[in-house]
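Here's the structure, in structure tokens; my notes come after.
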Amino acid sequence: MFTIKKNFHISYGHRLHPYTGKCANLHGHNAVIKVTLQTGKLNAQGMVMDFNDVGARVKKWLDATLDHKVLLSKKDPLLKTLRTEGQECFPLDGSPTAELLAELVFDALKKQGLPVIEVAFKETGTSQASY
């Protein structure tokens, strides 16, 4: 098997709801998203996939969906208020934890037909979740 990995950077705001602890407060992160692709057979150029193509496709989705957005649970009462105030929000079915965000990115890349086998979502310099 052949694998490649590419890192992406996004900035976002969120809060965990419902949650007790300091992450219940609205705050932001500069995250690193590590995408791993795998295939058993290389393409005609001898690659899993061209890094430039991977970068363009993943970055386009991240920019449109998560980067510089406020990520909130659909059940979070702040969602309506922030949208009313003109904030770009991305509602999730659950609380926007690193684990759920890794799964969200993974599923989106699978839907694009990318041979993704893992997405690691590094929320801070010391905290990372993978799916």
Side-chain angles (χ1 to χ4, degrees):
M1 287 291 177
F2 298 95
T3 61
I4 61 171
K5 297 182 182 204
K6 188 152 179 73
N7 296 340
F8 300 88
H9 298 262
I10 65 166
S11 297
Y12 66 98
H14 79 153
R15 77 173 188 157
L16 303 184
H17 178 80
Y19 182 79
T20 54
K22 67 180 183 176
C23 291
N25 295 308
L26 196 57
H27 62 284
H29 293 284
N30 293 309
V32 178
I33 299 168
K34 301 175 180 187
V35 174
T36 304
L37 306 179
Q38 182 178 64
T39 185
K41 184 178 178 186
L42 299 177
N43 66 17
Q45 292 79 35
M47 305 174 184
V48 171
M49 188 174 179
D50 187 304
F51 283 117
N52 290 322
D53 293 340
V54 175
R57 289 174 67 178
V58 175
K59 185 170 176 4
K60 180 179 179 182
W61 185 85
L62 289 171
D63 286 353
T65 310
L66 302 179
D67 192 36
H68 284 83
K69 307 285 191 298
V70 180
L71 314 179
L72 298 170
S73 167
K74 289 177 182 176
K75 296 178 181 177
D76 192 320
L78 275 183
L79 182 60
K80 182 179 179 181
T81 301
L82 290 173
R83 282 183 162 167
T84 299
E85 292 299 316
Q87 290 297 298
E88 288 191 51
C89 298
F90 184 83
L92 293 108
D93 288 329
S95 195
T97 62
E99 293 87 346
L100 287 182
L101 294 172
E103 180 184 26
L104 174 74
V105 175
F106 182 95
D107 290 346
L109 301 183
K110 273 290 191 194
K111 286 179 186 172
Q112 288 188 34
L114 295 174
V116 62
I117 61 161
E118 182 180 40
V119 169
F121 197 97
K122 191 170 186 179
E123 188 175 78
T124 69
T126 61
S127 303
Q128 175 178 302
S130 296
Y131 182 85

**OP:** Output, in order, the C-alpha distance, side-chain angles, deciding distance and verdict of side chain to side chain contact (heavy atoms under 4.5 Å, CB included) for Tyr12 and Leu101.
**Re:** CA-CA 11 Å; Tyr12 66 98; Leu101 294 172; 4.2 Å; yes

**OP:** Using atom types as modelled and distance alone, determine if a side-chain donor or acceptor of Thr39 lies under 3.5 Å from a backbone N or O of Leu42.
**Re:** no

Check: residues 54-61 side-chain donor-acceptor pairs under 3.5 Å, at least two apart:
residue	atom	partner	partner atom	Å
Arg57	NH2	Gln112	O	2.5
Lys59	NZ	Asp63	OD1	3.3
Lys59	NZ	Asp63	OD2	2.7
Trp61	NE1	Thr65	OG1	3.4

Subject >> Member of His14, His9, His68 meeting the ring-ring contact (aromatic ring centres under 6.0 Å, His included) criterion with His29 >> reply: His14

Original post:
Would you find a donor on one side and an acceptor on the other, under 3.5 Å apart, between the side chain of Lys34 and the backbone of Lys122?
Top reply: no

**OP:** Please examine the side chains of Val116 and Val35, heavy atoms only from C-beta on, and report whether any two atoms are closer than 4.5 Å.
**Re:** yes

Subject >> Check against side chain to side chain contact (heavy atoms under 4.5 Å, CB included), Ser11 and Asp67 >> reply: CA-CA 5 Å; Ser11 297; Asp67 192 36; 4.2 Å; yes

Original post:
Yes or no on side chain to side chain contact (heavy atoms under 4.5 Å, CB included) for Leu104 and Leu66, after CA distance, side-chain angles and deciding distance?
Top reply: CA-CA 10 Å; Leu104 174 74; Leu66 302 179; 3.9 Å; yes

Original post:
Would you say the side chain of Val70 lies within less than 4.5 Å of the side chain of Leu79, judging by non-hydrogen atoms?
Top reply: no

Subject >> Euclidean distance, Met47 CE relative to Asn52 CG, rounded to 0.5 Å >> reply: 8.5 Å

Original post:
Cluster question for you: counting only ILVMFWY and a side-chain heavy-atom cut-off of under 4.5 Å, with indirect links fine, are Val32 and Leu109 together?
Top reply: no

**OP:** Count the heavy atoms of every other residue, nucleotide or ligand shown that sit under 6.0 Å from CG of Asp93, and state whether that count exceeds 12.
**Re:** no

**OP:** Indicate if Ile33 and Phe51 have the same hydrophobic cluster label, given that clusters are the connected sets of ILVMFWY residues with side-chain heavy-atom separations under 4.5 angstrom.
**Re:** yes

**OP:** May I ask you to decide if Thr126's main-chain N or O and Thr124's side chain share a donor-acceptor pair within less than 3.5 Å?
**Re:** yes

Side-chain donor-acceptor distances from residues 1-8 under 3.5 Å, at least two apart:
none

Original post:
How many angstroms lie between atom CG of Leu16 and atom SG of Cys23, to the nearest 0.5 angstrom?
Top reply: 5.5 Å

**OP:** Could you tell me whether Gln38 atom CD has more than 12 heavy atoms of other residues or ligands within 6.0 Å of it?
**Re:** yes

Original post:
With side chains defined as the heavy atoms from C-beta onward, is the minimum distance between Leu72 and Leu92 less than 4.5 Å?
Top reply: no

Original post:
How about Phe121 and Ile10: do any of their side-chain heavy atoms sit closer than 4.5 Å?
Top reply: yes

